[in-house]
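Written below as structure tokens is the structure these notes are about.
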Amino acid sequence: MVSTDPVFSNLSADDINSEPTEIESLCMGCYKDGVTKLLLTKIPHYKEVILMSFNCEHCGLSNNEIQSGGTVQEKGLKLTATISTERDLSRQVVKSDYATLVIPEIELEIPPKGQKGEITTVEGVLQRTIAGLEQDQVVRRHMDPEGAKQIDDYIVRINDTLKLATHFTIQVDDPTGNSFIENPHAPGPDPGRTTEMYTRTKDQDHKLGMYTQEELRTAEDPVLDRVEEEDTALTEERLKDEVLTFPTDCHNCNAPAETNMKMTNIPYFKEVVIMATVCDMCGTKTNEVKAGGGIEAKGKKITLNVTDPTDMSRDVLKSETCSIAIPELEFEMGGHALGGRFTTLEGLMNNVMESIEQNSIWGGGDGAAPDVNERLAKFKVKFKDCVAANMNYSIVLDDPAGNSYMQNVYAPEEDPELTIETYERTFDQNEDLGLNDMKVEGYEES
């Protein structure tokens, strides 16, 4: 019988499956057998982790370690936040093992692996830095007085920074995409924080242990298994006629799962690729939609005035680059926060609420500051009124790639409540889409 328990489970005193696994292993101190305990669990408001603890009853050697068990995101993430108030100092910060944290104003840089992945605040990052610098100062003042004085002077700079003598910025660059800086204005936009997603370099992929099929085939490293070539070409006929299946991992419990993929045509729009995943282990179901025609020449902004409950049954295609805004609620959500969706307007709104409630920082609870908690409670009441169409409001889909769609119920006539605008993308939008460095002429020469 196949177990349906998730690989990473929440810690619970009543759950016998949350007990650690014990393994006999060699002690590197006395070379006798010791015991290693492994626990796969989830840290609330963060992600999956692997806790390891070793103890040798013969020589007393013991140690412990924590490793990330979360999945690597499709793109890297760079977050920049301006710290100017005491509330900003209490912004929650999630820093993964692979993230680089920089505060340019005081020339502070914490490289990957410099500190273990942690959940803290901006103030906590600086306090931990001070604690690390002060750790050996007593000995250093005798052994290296000049070096100790430089460290003392630097600690004074950090303390002045904590007193907000001047504004400063904190930057977190994470190739895995698993880091986070809290938005204290949630669910509204954060004027003091910028988010940039980027495509990892080959070197960054290799540091994360990620290799392409071609690299595995040609690798000289004997540790990397060579991959046998298979005839898996996706011809146009296969894409149109078959539901393709490929192996993947469940994003919820990391168990092996299968994703089904099918290409279909949306009337009055274009071809799209629909992907659906069902996990047999934990029962999680997900679906995602990607446009099949590439990036359009111009961006597209779709505005619908919701005036009747029947508007909630309109078909909606939201691409992964499309942001959602509801001006009446002062609400904005970036495209990558929800991914691609092909559903109804009601389904899209429910997806947004599910995303908010699953996110500990947005969803409230112990992970959110009291002021944010109160604001979110009021927001959820108004949002549910919008989902039930108890009030008139407008929803804006802004897609720089131009690959989103809202059903026109009057088609082929014009819809009086639906406005579609096309616009020229900005330099930053083209940069996010990877278009600025794209060579479209004479590429065959390079």
Going by distance alone, is a donor N or O of one side chain under 3.5 Å from an acceptor N or O of the other, for T321 and D399?
-> yes
Rounded to the nearest 0.5 Å, how far apart are CD1 of I302 and CG of N408?
-> 11.0 Å
Any donor-acceptor pair under 3.5 Å from D174 side chain to S179 backbone | yes
Distance from T129 atom OG1 to L108 atom CG, nearest 0.5 Å?
-> 5.0 Å
If we only count heavy atoms from C-beta on, is the K75 to T199 side-chain gap below 4.5 Å?
-> yes
Relative to the ring of F383, is the ring of F331 parallel (under 30°), tilted (30 to 60°) or perpendicular (over 60°)?
-> perpendicular
Just by distance, do the side chain of E296 and the backbone of G402 share a donor-acceptor pair under 3.5 Å?
-> no
Counting only heavy atoms not in Y410, do more than 12 sit closer than 6.0 Å to its OH atom?
-> no
Pair T307-N305, side-chain donor/acceptor within less than 3.5 Å = no
Any donor-acceptor N/O pair, R91 side chain to E182 backbone, under 3.5 Å = yes
Any donor-acceptor N or O pair under 3.5 Å, side chains E328, S394 | yes
Is a side-chain donor or acceptor of K318 paired with a backbone partner of C322 at a separation under 3.5 angstrom?
-> yes
Report yes or no: does Y393 contribute a side-chain atom to a donor-acceptor pair with the main-chain N or O of C386 at less than 3.5 Å?
-> yes
